[in-house]
Amino acid sequence: MAEHVEVMLTEEEVDARIREIGEQISKDYEGKSIHLICVLKGGSFFMTELAKRITVPVSLDFMSVSSYGGSTKSSGEVRIVKDLDEPLEGKNVLVVEDIVDSGRTLSYLLELLRDRGPADVKLCTLLDKPDRRVIDVKVDYTCFRIPDEFVVGYGLDYAQRYRNLPYIGVVKFD
């Protein structure tokens, strides 16, 4: 079965919205520093662009979690594949994610991070699919709320393809 990608959000729309969110975060953290935690792999594209638009001091770290194993369905058990390199005590933490859908993995991850003693933990996502939410997760900064479509681009993939698209597209199967 072949597929093609239709543009949902253009590169210009994504860029403009990330700039707005960066300005809002800069205002909210004025006089403070912020520690961005990227959820790999998809979040790396978004976090890079976001960090460039934040004017307060920024530090970065990366984490990889999995709840899928070798399957396409969530096992419900969250596994840390790559943990953080630095402690979080006293830091203003902003978790940066590419997309929030069911909330299962992020709910677990946010609780785990809060237990590590940061000053605060907030969540920023490029895309939010509230129609898919199973567990309520508070998203503090959202670039775009989208319908329940299978999307790619800007770090999001389909079978490890399309991450490098500079826009958000919907995968359509022929």
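For the single chain, residues carry numbers from 1 onward in sequence order. Quantities reported herein were computed from a predicted structural model and do not represent experimental measurements.
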Peer 1: Rounded to the nearest 0.5 Å, what separation is found between the CZ atom of Phe46 and the SG atom of Cys38?
Peer 2: 10.0 Å
Peer 1: For residues 138-147, which residue pairs pass the side-chain hydrogen bond (donor to acceptor under 3.5 Å, both in side chains) check, not counting sequence neighbours?
Peer 2: Asp28-Tyr141, Lys138-Asp140
Peer 1: State, with a plain yes or no, whether a side-chain heavy atom of Ile25 is found less than 4.5 Å away from one of Val56.
Peer 2: no
Peer 1: When hydrophobic residues are tied together by side-chain contacts of less than 4.5 Å, even through go-betweens, does Phe45 share a cluster with Val7?
Peer 2: no
Peer 1: Can you name the residues that form a side-chain contact (heavy atoms from CB on, under 4.5 Å) with Ser107, not counting sequence neighbours?
Peer 2: Ile135, Val137
Peer 1: Could you name each residue pair satisfying salt bridge (charged side-chain N to carboxylate O under 4.0 Å, His left out) that touches residues 1-11, not counting sequence neighbours?
Peer 2: Glu3-Arg161
Peer 1: Please assess Val100 against Lys129 for the test side chain to side chain contact (heavy atoms under 4.5 Å, CB included), listing each intermediate value before the final yes or no.
Peer 2: CA-CA 6 Å; Val100 178; Lys129 282 188 189 179; over 6 Å; no
Peer 1: For residues 48-63, which residue pairs qualify under salt bridge (charged side-chain N to carboxylate O under 4.0 Å, His left out), counting only residues two or more places apart or in two chains?
Peer 2: Asp15-Arg53, Glu49-Lys52, Glu49-Arg53
Peer 1: What I'd like to find out is whether the side chain of Val93 reaches to under 4.5 Å of the side chain of Lys122, using heavy atoms alone.
Peer 2: no
Peer 1: List the steps and the verdict of side chain to side chain contact (heavy atoms under 4.5 Å, CB included) for Phe144 and Ile168.
Peer 2: CA-CA 10 Å; Phe144 300 97; Ile168 303 298; 5.8 Å; no
Peer 1: Going by heavy atoms in the side chains, are Val14 and Tyr167 under 4.5 Å from each other?
Peer 2: no
Peer 1: Report the relative orientation of the aromatic rings in Tyr158 and Phe150; use parallel for angles under 30°, tilted for 30 to 60°, perpendicular for over 60°.
Peer 2: perpendicular
Peer 1: Are any of the side-chain heavy atoms of Met47 and Leu60 separated by less than 4.5 Å?
Peer 2: yes
Peer 1: Distance-only, no hydrogens or angles: does the Arg163 side chain make a donor-acceptor pair with backbone N or O of Leu156 under 3.5 Å?
Peer 2: no
Peer 1: Please find the pair of heavy atoms, one from Ile21 and one from Cys143, that lie closest to each other, and give the distance.
Peer 2: CG1-SG, 3.6 Å
Peer 1: Roughly how far apart are Ser64 OG and Lys41 NZ, rounded to 0.5 Å?
Peer 2: 7.5 Å
Peer 1: Determine whether the side chains of His35 and Asn92 contain a donor N or O and an acceptor N or O closer than 3.5 Å.
Peer 2: no
Peer 1: Roughly how far, to the nearest 0.5 Å, is CD of Glu23 from CD1 of Ile18?
Peer 2: 12.5 Å
Peer 1: Using modelled atom types and a 3.5 Å cut-off, is there a donor and acceptor pairing between side-chain atoms of Thr48 and backbone atoms of Ser44?
Peer 2: yes
Peer 1: Under 4.5 Å between any side-chain heavy atoms of Ile37 and Val96, yes or no?
Peer 2: no
Peer 1: Could you check whether any side-chain heavy atom of Val58 comes within less than 4.5 Å of a side-chain heavy atom of Ser33, counting everything from C-beta outward?
Peer 2: no
Peer 1: Do Asp157 and Val152 pass the side chain to side chain contact (heavy atoms under 4.5 Å, CB included) test, and can you show the C-alpha distance, the side-chain angles, and the key distance before you say yes or no?
Peer 2: CA-CA 5 Å; Asp157 74 295; Val152 294; 5.7 Å; no
Peer 1: Above 12 or not: heavy atoms from other molecules or residues under 6.0 Å from CD of Glu30?
Peer 2: no
Peer 1: How long is the gap from CD1 on Ile34 to CD1 on Ile54, to the nearest 0.5 Å?
Peer 2: 5.0 Å
Peer 1: Sequence neighbours left out, what passes side-chain contact (heavy atoms from CB on, under 4.5 Å) with Arg114? Give chain and number order.
Peer 2: Leu110, Glu111, Val121
Peer 1: With sequence neighbours left out, write down each residue that passes side-chain contact (heavy atoms from CB on, under 4.5 Å) with Glu149, or none if nothing qualifies.
Peer 2: Met8, Pro147, Val151, Val170, Lys172
Peer 1: Any carboxylate oxygen within less than 4.0 angstrom of a Lys/Arg side-chain nitrogen, looking at Lys91 and Asp120?
Peer 2: no
Peer 1: First locate atom CG of Asp128, then atom CD1 of Ile99, and finally report the distance between them rounded to the nearest 0.5 Å.
Peer 2: 8.0 Å
Peer 1: Can you hop from Leu84 to Val81 via hydrophobic side chains spaced under 4.5 Å?
Peer 2: no
Peer 1: Say you draw a straight line from CG of Leu106 to CG of Leu109; how long is it, rounded to the nearest 0.5 Å?
Peer 2: 6.0 Å
Peer 1: Arg133 side chain to Asp101 main-chain N or O, any donor-acceptor pair under 3.5 Å?
Peer 2: yes
Peer 1: Set out, in order, the CA-CA distance, both residues' side-chain angles and the distance that settles side chain to side chain contact (heavy atoms under 4.5 Å, CB included) for Arg17 and Leu9, then state yes or no.
Peer 2: CA-CA 10 Å; Arg17 186 66 180 133; Leu9 299 163; over 6 Å; no
Peer 1: Measuring only between side-chain heavy atoms, which start at C-beta, is Lys82 closer than 4.5 Å to Met63?
Peer 2: no
Peer 1: Looking at Thr10 and Glu13, would you say the former's side chain and the latter's main chain have a donor-acceptor pair under 3.5 Å?
Peer 2: yes
Peer 1: Answer whether the closest heavy-atom distance between the side chains of Tyr154 and Asp98 falls below 4.5 Å.
Peer 2: no
Peer 1: Is Leu113 reachable from Tyr108 through a run of hydrophobic residues whose side-chain heavy atoms are each under 4.5 Å from the next?
Peer 2: yes
Peer 1: Is Phe62 linked to Leu112 within one hydrophobic cluster, defined over Ile, Leu, Val, Met, Phe, Trp and Tyr using a side-chain heavy-atom separation of less than 4.5 Å?
Peer 2: no
